Student: 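I am attaching a structure below and will ask some questions about it afterwards.
Predicted model only: the values in this text are computed from it and were never measured. Positions are given from 1, in the same order as the sequence printed here.
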Amino acid sequence: MTTPTGTPVYADPVDLDKHGVYGATALKVENGGWNRPRYPFQGRITADGSSGYPAEPGRYHLYVSHRCPWAHRAAIVRILKGLQDVVSLSYVDDERDGRGWAFREKRGADPVNGFRFLREAYEATEPRYGGHVSVPVLWDRVTGRIVSNNFFDITIDLGTQFEKFGDPDVRLYPVELRDEIDELNEYIYVNFNDGNYRVAGAASDEDYAVLRARVISALDRLDERLASRRFLFGDSITESDVRLWVTLARFDLTYNPFAKISERRLVDFPNLWPYARDLYRLPAFRETTDFSAFTHLGPPFLDPAVTRIEVEPHRADWDEPQDRHRLAA
C-alpha cells in the first residue's frame, strides 16, 4: 500500500543495536529446551461459511515469509490448488529485529493494510496483543482481522474449502487418506519439522544425542518409504509432501549446520534427495522458494555447554536430473 502521494509505506531498517533480537523465542534453556509458542488465532475457513469465514474469492490475504517453513507451506498449497487469483499473498522482509516481522523494500510493502510491521495486524485483531508474532497470517479483508496464524490449519483449509474456485483435481487431503495423512504428518512434525528445533534447543549432551538420533532415524525411515513410491502416498502429492518438503529444502543450508544434527546431508540420502528435486521442478515449489533466505534458524540460542558435531552449510544443485517418474504406477 502507498501513501496519498503514491510512496510505498515501509518500516525503517533493521537495527539490532537499538531494538535487539526478536525476543518472543520459544526456547528457554533454563526450562530444559524447546517449547513452540502458542498460535492463538485459530479461525477456520469453510466452504459453506458455517465457521463465520466463508470461502470467497478476493476476501482473504496471506502474509508469509521466504524464511519461514510454516509460511512456505501456505504459499505452495495456494499455487498447487490454483488459488492465485482467489487468495492474495505478500511477503514480509527476511530480516527482523526486536520489533518482529516487517515490510521493507526488498520484499515489498503491505498491499492490503499499509502496515509497517506485522504486529499491527495482531493488534488490530486483539488490542494490546502481547504474544508471539508469527507467519503465516491469514487475514480477512471483510472483518479487518486475522482469521488464523495456526499454520497446521491454514494449508488444510486452502486445500479443501476452495473447491469451487481452485483445481478440483488436486486432492492434497483426500477423505479416504485423512487418518493416514494425519498420522504421518504428526510423525514428520515431531521428529523432523519441529525435531530440528528440538535438537537446537538441547540443554544437555544426553538430550542432544537423543534428539539428533530421532531426526536421523526419521530421515532414514522416510528415505526407505520413498524407495518404492514417488510421493509419500503414491503417485499424487498430498499435504504430507508439502510439510516434509519445506524442511528438506532448508536442511542443508539452515537446520543441519545450525543445530548440528547429522554428518549426512540431504544430498546423501538416495531417495529423499531425488524426491525433493522431483517436487522442486513444479512451479508451486520452485516459484515460492528463495534459497538465499535460508541463512539462519533464528536467534543464537544454542546452549554453549552442549558438545555438538561440526556441520557446514551446503548449497546443492536442485536442478540435477532425477528419474522419480519411473515409480509412478
Student: So, Gln161 side chain and Ala47 main chain: donor-acceptor pair closer than 3.5 Å or not?
Tutor: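 Checked: pair present.
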Student: Could you verify whether a donor N or O on one side chain and an acceptor N or O on the other, from Asp153 and Tyr39, lie under 3.5 Å apart?
Tutor: no
Student: Between Thr295 and Arg67, does any side-chain donor sit less than 3.5 Å from a side-chain acceptor?
Tutor: yes
Student: Hey, mind stepping through Asn113 and Asp110 against side-chain contact (heavy atoms from CB on, under 4.5 Å) and telling me if it holds?
Tutor: CA-CA 6 Å; Asn113 297 295; Asp110 172 11; 3.3 Å; yes
Student: Drop me the distance from Asn193's CG to Thr247's OG1, to the nearest 0.5 angstrom.
Tutor: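 Result: 4.0 Å between the selected atoms.
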Student: Could you note down all residue pairs passing ring-ring contact (aromatic ring centres under 6.0 Å, His included) where residues 154-184 supplies at least one of them, sequence neighbours left out?
Tutor: none
Student: Check Pro270 against Pro274 and note the closest heavy-atom contact, atom names and distance.
Tutor: O-CG, 3.1 Å
Student: Is the closest side-chain heavy-atom distance between Phe285 and Leu80 below 4.5 Å?
Tutor: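 Result yes, sub-4.5 Å side-chain heavy-atom pair found.
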Student: Any chance you could measure Arg73, atom CZ, to Thr288, atom OG1, to the nearest 0.5 Å?
Tutor: 13.0 Å
Student: Let me check something: do Phe117 and Val133 share a hydrophobic cluster, defined by ILVMFWY side-chain heavy atoms less than 4.5 Å apart, either directly or through other members?
Tutor: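 Different clusters: Phe117 never reaches Val133 through Ile, Leu, Val, Met, Phe, Trp or Tyr contacts under 4.5 Å.
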Student: Treat each ILVMFWY residue as a node, draw an edge where side-chain heavy atoms are under 4.5 Å apart, and state whether Val142 and Val86 are in one component.
Tutor: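 No: no chain of side-chain contacts under 4.5 Å links Val142 to Val86.
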Student: Checking Arg141 against Ser88: is there a side-chain donor and acceptor pair closer than 3.5 Å?
Tutor: yes
Student: Regarding Asp93 and Tyr10, do their side chains bring together a donor and an acceptor under 3.5 Å, going by distance alone?
Tutor: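 Asp93 vs Tyr10: no donor-acceptor pair found between side chains.
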Student: Is atom CD of Gln84 surrounded by more than 12 heavy atoms (other residues, nucleotides or ligands) closer than 6.0 Å?
Tutor: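 Enclosed: over 12 neighbouring heavy atoms sit under 6.0 Å from CD of Gln84.
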Student: Please tell me whether Tyr189 and Phe152 form a close aromatic pair, meaning their ring centres lie under 6.0 Å apart.
Tutor: yes
Student: How far apart are the C-alpha atoms of Tyr255 and Tyr197, what are their side-chain angles, what is the distance that settles it, and do they pass the side chain to side chain donor-acceptor pair (under 3.5 Å) test?
Tutor: CA-CA 8 Å; Tyr255 292 114; Tyr197 294 87; 2.9 Å; yes
Student: Would you please indicate yes or no on a ring centroid separation below 6.0 angstrom for Tyr129 and Phe41?
Tutor: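 Judged by ring-centre distance (under 6.0 Å), Phe41 and Tyr129 do meet the cut-off.
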Student: For Tyr208 and Asp303, does a side-chain donor sit closer than 3.5 Å to a side-chain acceptor?
Tutor: no
Student: Between the side chain of Thr46 and the main-chain N/O of Ser51, is any donor-acceptor distance below 3.5 Å?
Tutor: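 Yes, the answer is positive, given that a donor and an acceptor are paired below the 3.5 Å cut-off.
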Student: Heavy-atom count around Asp323 CG within 6.0 Å, excluding the residue itself: above 12?
Tutor: yes
Student: Salt-bridged, Asp182 to Arg178, with N to O below 4.0 Å?
Tutor: no
Student: When you measure from the side chain of Asp252 to the backbone N and O of Leu266, does any donor-acceptor pair fall under 3.5 Å?
Tutor: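 The answer is yes, because a donor-acceptor pair under 3.5 Å joins these two groups.
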Student: Quick one: do Ile79 and Leu62 end up in the same hydrophobic cluster if we chain Ile, Leu, Val, Met, Phe, Trp and Tyr together by side-chain heavy atoms under 4.5 Å apart?
Tutor: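 No: no chain of side-chain contacts under 4.5 Å links Ile79 to Leu62.
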Student: Could you see if Val190 belongs to whatever hydrophobic cluster contains Leu184? Use Ile, Leu, Val, Met, Phe, Trp, Tyr and a side-chain cutoff under 4.5 Å.
Tutor: yes
Student: Got a salt bridge between Arg243 and Glu239, using NZ or NE/NH1/NH2 to carboxylate O under 4.0 Å?
Tutor: yes
Student: Roughly how far, to the nearest 0.5 Å, is the CZ atom of Arg315 from the OG atom of Ser292?
Tutor: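 Ser292 atom OG to Arg315 atom CZ measures 7.5 Å (nearest 0.5 Å).
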Student: Determine which pairs satisfy ring-ring contact (aromatic ring centres under 6.0 Å, His included) with at least one residue from residues 71-93, sequence neighbours left out, and list them in order.
Tutor: His66-Tyr91, His72-Trp245
Student: Grouping I, L, V, M, F, W and Y whenever their side-chain heavy atoms are under 4.5 Å apart, do Ile309 and Phe269 come out in a common cluster?
Tutor: yes
Student: Mark yes or no for whether Asp15, through its side chain, and Lys18, through its backbone, hold a donor-acceptor pair below 3.5 Å.
Tutor: yes
Student: Short question: side chain of Glu287, backbone of Ala284 - any donor-acceptor pair under 3.5 Å?
Tutor: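 Pair absent, no side-chain N/O of Glu287 close to backbone of Ala284.
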Student: So Phe192 and Phe251, would you call those rings parallel, tilted or perpendicular, with 30° and 60° as cut-offs?
Tutor: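 Aromatic pair Phe192/Phe251 classed tilted.
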Student: Between Tyr63 and Trp139, how do the two ring planes meet: parallel, tilted or perpendicular, split at 30° and 60°?
Tutor: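 Because their plane-to-plane angle is over 60°, the rings of Tyr63 and Trp139 count as perpendicular.
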Student: State which residues pass ring-ring contact (aromatic ring centres under 6.0 Å, His included) with Phe291; sequence neighbours excluded, sorted by chain then number.
Tutor: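 Counting only residues at least two positions away or on another chain, Phe291 forms a ring-ring contact (aromatic ring centres under 6.0 Å, His included) with Tyr280, Phe294, Trp318.
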Student: Determine whether the side chains of Asp48 and Ser50 contain a donor N or O and an acceptor N or O closer than 3.5 Å.
Tutor: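 Short answer, yes.
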Student: Looking at Ser148 and Gly43, what are the two nearest heavy atoms and their distance?
Tutor: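 Of all heavy-atom pairs spanning Ser148 and Gly43, the closest is CB-O, 3.5 Å.
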Student: Checking Asp140 side chain against Ile146 main chain: does a donor-acceptor pair fall under 3.5 Å?
Tutor: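 Not at all, since once roles are kept as given, no pair shorter than 3.5 Å links the two residues.
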Student: For Pro313 versus Leu253, what's the shortest heavy-atom pair and its separation?
Tutor: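 Between these two residues, the closest heavy atoms are CB-O, 4.3 Å.
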Student: Could you measure the distance from the CG atom of Leu89 to the NE2 atom of His61? Nearest 0.5 Å is fine.
Tutor: 6.0 Å
Student: What pairs meet the salt bridge (charged side-chain N to carboxylate O under 4.0 Å, His left out) rule with one or both residues in residues 160-170, with sequence neighbours excluded?
Tutor: Lys81-Glu163
Student: Mind jotting down which residue pairs meet the salt bridge (charged side-chain N to carboxylate O under 4.0 Å, His left out) criterion with at least one end in residues 208-219? Sequence neighbours excluded, please.
Tutor: Arg212-Glu263
Student: Where do Leu272 and Leu219 come nearest, in terms of heavy atoms and distance?
Tutor: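 Leu272 and Leu219 have their closest heavy atoms at CD1-O, 3.3 Å.
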Student: How long is the span from the NE2 atom in His132 to the OH atom in Tyr122, to the nearest 0.5 Å?
Tutor: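 Nearest 0.5 Å value for the NE2-OH distance: 7.0 Å.
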Student: Has Asn191 got a side-chain atom pairing as donor or acceptor with Tyr187's backbone, closer than 3.5 angstrom?
Tutor: yes
Student: Output yes when a side-chain donor or acceptor of Asp268 lies under 3.5 Å from a complementary backbone atom of Arg265, and no otherwise.
Tutor: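 Between the backbone of Arg265 and the side chain of Asp268 there is a qualifying donor-acceptor contact (under 3.5 Å).
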Student: Can you pull out every salt bridge (charged side-chain N to carboxylate O under 4.0 Å, His left out) where at least one residue sits in residues 215-227? Sequence neighbours excluded, please.
Tutor: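 Output for this query lists Asp220-Arg264.
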Student: Given side chains that start at C-beta, do those of Ser236 and Arg230 come closer than 4.5 Å, heavy atoms only?
Tutor: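 Not touching, per the 4.5 Å side-chain cut-off.
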Student: Kindly compute the distance separating SG (Cys68) from CG (Asp94), expressed to the nearest 0.5 Å.
Tutor: 11.5 Å
Student: Looking only at heavy atoms, what is the nearest atom pair of Ile154 and Ala74, with distance?
Tutor: CG2-CB, 4.2 Å
Student: Identify the heavy atoms of Ser134 and Asn149 that sit nearest to each other, and give their distance.
Tutor: OG-ND2, 3.3 Å
Student: Would the distance check show the side chain of Arg324 and the main-chain N or O of Arg229 forming a donor-acceptor pair, the cut-off being under 3.5 Å?
Tutor: yes
